[in-house]
Amino acid sequence: VQLQASGGGLVQAGESLKLSCAASGNIFTINVMGWYRQTPGKQHELVATISRDNRTDYSESAKGRFTISRDKTKNTVYLQMNRLKSEDTGLYYCLVKSGGNWWGRGTQVTVSS
């Protein structure tokens, strides 16, 4: 399984970004898709996940600002990030659970204050 993430970039605080991650390869049923991030000085942390039946879960910092969605026909997961803050700066990884856990390489998000 290969994961291709995109959409990161440099924005100012208060602006928005939309990340996407497309899964390809030998894919069976995708149970969960999600986003994690590695922020400066912090451990790998969950941002949001979405299950096969579209149940979502968010970190406290993401609630109300970020929205996760998926396109099952494209095996793609999205993360719409609004009202970005400087503390959202980090490397964002997508995760796909399909017969195992598959991680993307990460896309950098930098929010300047």
From CG (N31) to OG (S98), nearest 0.5 Å: 7.0 Å

Would you kindly confirm whether W103 and V1 end up in one hydrophobic cluster when ILVMFWY residues are joined by side chain heavy atoms under 4.5 Å apart? no

What class does the angle between the rings of H44 and Y36 fall in, given that below 30° is parallel, 30 to 60° is tilted and above 60° is perpendicular? tilted

Would R37 and S59 count as having a side-chain donor-acceptor pair, cut-off 3.5 Å? no

If you measure from CG on L3 to CG on L95, what distance do you get to the nearest 0.5 Å? 8.0 Å

I'd like to check C94 versus M33 (side-chain heavy atoms, cut-off strictly below 4.5 Å). Are they in contact? no

Report whether V111 and L91 are members of the same hydrophobic cluster (ILVMFWY, side-chain heavy atoms less than 4.5 Å apart, transitive linking). no

Distance-only side-chain donor-acceptor flag, T89 / T110, under 3.5 Å: no

Heavy-atom closest contact (S113 atom, S86 atom, distance): CB-CB, 4.2 Å

Testing I68, I50, L46, T49 one by one against Y58 for a side-chain contact (heavy atoms from CB on, under 4.5 Å), which residue passes? I68

In this structure, OH of Y93 is separated from SG of C21 (nearest 0.5 Å) by 12.5 Å

Is there any salt bridge (charged side-chain N to carboxylate O under 4.0 Å, His left out) pair reaching into residues 68-80, and which pairs are they, with sequence neighbours excluded? none

Nearest 0.5 Å, please: how far is CG in L84 from CG in L17? 5.5 Å

Do T39 and E87 touch side chain to side chain, with heavy atoms closer than 4.5 Å? no

Note: S16 and Q80 closest approach over all heavy atoms is CB-NE2, 3.8 Å

To the closest 0.5 Å, what do you measure between CG (L19) and CH2 (W35)? 4.5 Å

I need the minimum non-hydrogen distance between A62 and V47, along with the two atoms involved. CB-O, 3.7 Å

Are any non-hydrogen side-chain atoms of M81 and D88 less than 4.5 angstrom apart? no

More than 12 foreign heavy atoms under 6.0 Å from CD of Q4: is that the case here? no

Distance, nearest 0.5 Å, that separates NZ of K18 from CZ of F66: 14.0 Å

